Amino acid sequence: MRALSVTARAYILCALVAAVCCALPALRPGAGTPWATTALLAALYTACELLGRRPFLVSAVRVGAGSFFPVLFAAVLLLPPSAAALVAVPGALVGHVERRPRAVRRAWRAAQLALAAWAAAHVCTFLDGGASLGGGAVGAAPDFPYVLLPAGAAVLAFCLVLTALDGGILCTAERLPVRTAWRGLLLRSVAPHCVHGLAGLMMAVLWRSPYGALAALFVLLPMYISCWVFAQYHRERAAHQATIRALVQAVDIKDQYTRGHSERVGRASVMIAREIGMDEDRVEVLRFAGILHDVGKLGVPTRLLRKDGPLTPEERRIIELHPEYGHEMVRGIGFLGEARAAILHHHERLDGSGYPYGLAGGQIPEFARVVAVADAFDAMTSTRSYRRARPVATALRELERCAGTQFDPRMVEALTRALARQGWHHRVTSDEQSDPRGNVPPLRGGDGSCGPVPGGDAVPPVAAARSHEPGRPA
Amino acid sequence: MRGPVLALLLVYGAAVVLTVYALGDTLWYGITAPGIALAFGALIVLGELSRWGVPGAPSALPAEREPAPLGAAGALAYALLGQIAGQPTTHGALQVVAVVVAAALAGAVPHIAAGHGPALDHVVRRVLTVAFAAVCFQPLYNSGLWGKWIGHGPYHALLLLLLLVLTALCDAVLAATMARARTGYPYGPLLRDELRALLGIGSAVCATGAVMALGVAVAGLWALPVFCVPLLLTQLSFRRYAAVRTTYRQTITSLARATEIAGYTPHGHARRVALLSRAVGRELGLSEPDLTVLEYAALMHDIGQLSLLDPVPAGATASLPPAEQRRIALLGGAVVRQTGVPAEVAVVVERQADPYREQPLSARIVRAVNAYDDLSGESGGGLGGPLSALEQLRLGTGRDYQPEVVESLARVLSRGGLTPSPPG
């Protein structure tokens, strides 16, 4: 977060004042606050948050924040509004905060949770939620299914207040436009809050029952474990992505001219896919197809990849094996799905003169057609040892010229449209220097134009086509 | 091998006798409170339907030890159910067993239809553990002694928890016994892995079982659908975790195959070394997390060769001079550090060419198994059959290979070598 703007400070201050006003009535003498329950729940919430601050017993994975909302929901159902607001405060003040300024964030979080709990408890009281929980002196059974109504309404109110306040802070502190700040915030948070709400309802019911607070604690264990597993899932996913990057880096070790090429092809493929309205799931797989399209170069001798002069037909034949090598390597990775076909076929051409199988037209998988265009585009806009990078406009003209014979015109058109809207930022990897003169820095990497097979990196199947290459040493 | 198989037969026999007796008794005397039995039966069937896990895969993940958490929690809750909406229940332990068996079998039908196999071990375990819990609780409760000694207050909840912990321990012992009979691995490490799994999904299942039993006692059958939601969430989290782990394993296998495709190592070498290392690690009593480190390290142990300009003949690093071996190992460690696997894996890869006395155990295993695969005929570049390869390893036990590791390898090989291969 940057230095807080005046608006943001004022906004946070307002929330703090409002929260204090909500919680104060509980401290008034004669308010009839059930102090024992309040203190127990507040201590429980604080303990949970403290537990969240330190790594889990067995493995060094931190359990994320928000795993302890069931305690707050139980407080909302069990306590009067001002006491429910109080329960959230100590836990939020000691909880784990990712980024600085920590003190401000903690105070903000305490105020936010207190306000949300207060509002939710009011809704619950209005719908007579406390009595329908049963228990108490009479020992009545909880009034199922009616009790679901106040509980559900309270969860919804809690969720609404939280999102509204969150959106506000995004507007004032992060200076996001109002519309984007709130977009999707509510929809994303309703489902998890409902699950936490049900757990909170269980806690409240058991708390009021003869079995008491201890039984209510049992409810937290599955929640805690699922949060812990979720944190491990995120760690494992990050490790997996690092491994994919390692695969790409292994190619870079061998073929130093194409550094950053794979990432950029992934990005250009995603731009095309979004433009032609592909499903988000497939887009994600396509990104991997772009990133991994040249992974088969690991199987090509380093000497050939680094060779500067023209290649003999025999050497060219060996390099042209790389799509098949790549396919062989990633064959066992289940989640890549269609991407495996793209890796095998990204050097096929629409007129059937490509390799390895010489597929034509619609026989070429859609993913492969996308990756082929992205690959050629990045190759042309990157500098290779034998020529400088070309401007984006020139590269697009070249692609359009070859649309229909080599590339799928639909994909070329989509790329043109996407570039017109978003532009092309060449930099991807941190070790590249940006060029102050334009968005296409001189890079070690990339090759192509429609003539030389793009991304085949100095392996033209049609030798004559090489005449399009300006400045290429013969 | 005879002891463990006998134990397995005993376990199966006990489960079958118990099932027949319980079903017969229940059919003869009729079902008490059929509504409640039906509700819990339906819950268990649902839980079994959502069963998951890949049969035959190494269950590296604790969750796969309890493939149907909802079914388990429902069954435990029924075994420990004492009241419903404040009214005492009257079903006995035998009825609990009968309902659980019927529901588990009904839930298994679609799995059999889909060709996944009946997973009989799983049903047998379920029957025996639930019978244990029910026999501990129901007779005591139905005779009124429980109410007299313990009452229906906080102590009731506490004792239920204690009972569930005992049940979970009993389940772990049972699972380890069955795994011992099926795989022949030493009992100690298997039991330790089962107990470790209790901390994860096991405790969630137990807690949910207790919460369901208490919740139904307070609020009636309405509690069932409401109270199974958090466990479903846990199951979902475990499932996503398992999916990403599978993918991760596949990706690492692919990375390992890079050296084969580049012609540096013989086809299938990394995979064979990984499988054999895992088996030897099991034999030596490594725990599940250690085995994962061992497997990843074995898969990637040759990755350093990618940095070589000229391939080693047939990739057989075992016959290179020691200094060269160590250089390749260090290069490999550098690559592995970039891949996001735990740092222990990189250490194993780096140290694999050191004399065994300076190595961690995993590196000793990888070194011996790698040398075996290089030297035996299986790689194609071999200098003789498996026997002569083992003989050469034994000759090298003064410095390079640990004698215990080589002997474990020999035992694994004499048993027919490899366990079923994991997918990918």
Side-chain angles (χ1 to χ4, degrees), chain A residues 57-58 70 134-135 139 141-142 144-145 148 195 198-199 201-202 205-206 209-215 218-219 221-223 225-227 229-230 232-233 236-247 249-250 253-254 295-296 298-303 325 328-335, chain B residues 63 85-86 152-154 156-158 161 196 199-201 203-204 206-208 210-211 214-215 217-220 222-223 226-227 229-231 233-234 236-238 240-241 243-248 250-255 257-258 261-263 303 306-307 309 335 338-342 423-424:
Chain A
L57 308 164
V58 218
F144 271 100
L148 289 174
V195 175
L198 280 178
L201 176 62
M202 290 160 61
V205 164
L206 288 177
S209 74
Y211 305 115
L214 181 76
F218 297 171
V219 177
L221 199 58
M223 302 301 285
I225 286 174
S226 69
C227 289
V229 174
F230 198 64
Q232 280 210 321
Y233 160 78
E236 198 85 352
R237 210 178 60 159
H240 177 236
Q241 276 159 1
T243 307
I244 298 263
R245 271 201 302 281
L247 265 172
Q249 276 166 357
I253 292 175
K254 291 179 74 110
V295 76
L298 281 177
V300 179
T302 313
R303 189 177 53 77
Y325 285 154
E328 170 65 21
M329 272 179 67
V330 300
R331 205 168 34 111
I333 308 184
F335 88 101
Chain B
H152 294 287
H156 178 87
L158 205 61
L161 196 65
R196 193 193 303 270
L199 275 185
I201 192 92
S203 59
C206 286
T208 308
V211 166
L214 296 174
V218 176
W222 265 101
V226 176
F227 288 15
V229 170
L231 190 63
L233 185 75
T234 314
L236 202 70
S237 312
F238 267 106
R240 287 179 67 176
Y241 180 42
V244 79
R245 274 191 69 126
T246 311
T247 306
Y248 191 28
Q250 291 170 348
T251 308
I252 290 194
T253 312
S254 294
L255 186 60
R257 259 211 305 266
I261 286 162
I303 210 100
L306 278 183
S307 319
L309 273 180
V335 176
Q338 293 179 347
T339 60
V341 295

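Small disclaimer: the values here were computed from a predicted structure and weren't measured.
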Rounded to the nearest 0.5 Å, how far apart are NE2 of B:His156 and CG of A:Leu214?
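The NE2 atom of B:His156 sits 12.0 Å away from the CG atom of A:Leu214.
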Taking every heavy-atom pair that is under 4.5 Å apart, which of [options] has the most such pairs with chain B?
options: A:Pro210, A:Ser226, A:Ala215; result: A:Ser226
options: A:Val330, A:Val300, A:Leu221; result: A:Leu221
options: A:Arg331, A:Glu236, A:Arg245; result: A:Glu236

Part of [X] lying under 4.5 Å from any heavy atom of chain B:
X: A:Ile333; value: both
X: A:Leu298; value: both
X: A:Arg237; value: both

Relative to chain A, which of [options] shows the most heavy atom pairs under 4.5 Å?
options: B:Ser203, B:Ala243, B:Ala217, B:Ala210; answer: B:Ser203
options: B:Ala85, B:Gly220, B:Pro154, B:Ala157; answer: B:Pro154
options: B:Thr251, B:Leu255, B:Val229; answer: B:Thr251
options: B:Val244, B:Leu231, B:Leu158, B:Thr208; answer: B:Val244
options: B:Ala258, B:Gly86, B:Gly215; answer: B:Ala258

Can you name the closest pair of heavy atoms from [X] and [Y] and give their distance?
X: B:Arg257; Y: A:Met329; answer: NH2-O, 3.0 Å
X: B:Ala204; Y: B:Thr234; answer: CB-CG2, 4.2 Å
X: A:Gly296; Y: A:Tyr325; answer: O-CB, 3.5 Å

Is there a side-chain contact between B:Val218 and A:Pro142 (heavy atoms, below 4.5 Å)?
yes
Between B:Thr246 and A:Phe335, does a side chain to side chain contact (heavy atoms under 4.5 Å, CB included) hold up when you go through it step by step?
CA-CA 10 Å; B:Thr246 311; A:Phe335 88 101; over 6 Å; no
Heavy-atom cut-off 4.5 Å, strictly under: side chain, backbone, both or neither for B:Leu236 against chain A?
neither
Assess the residue pair A:Leu201 and A:Leu148 against the criterion (side chain to side chain contact (heavy atoms under 4.5 Å, CB included)); give the C-alpha distance rounded to whole Å, side-chain angles, the decisive distance to 0.1 Å, and a yes or no.
CA-CA 8 Å; A:Leu201 176 62; A:Leu148 289 174; 3.6 Å; yes
B:Gln250 side chain to A:Gly334 backbone, donor-acceptor under 3.5 Å
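Yes, because the side chain of B:Gln250 sits within donor-acceptor range (under 3.5 Å) of the backbone of A:Gly334.
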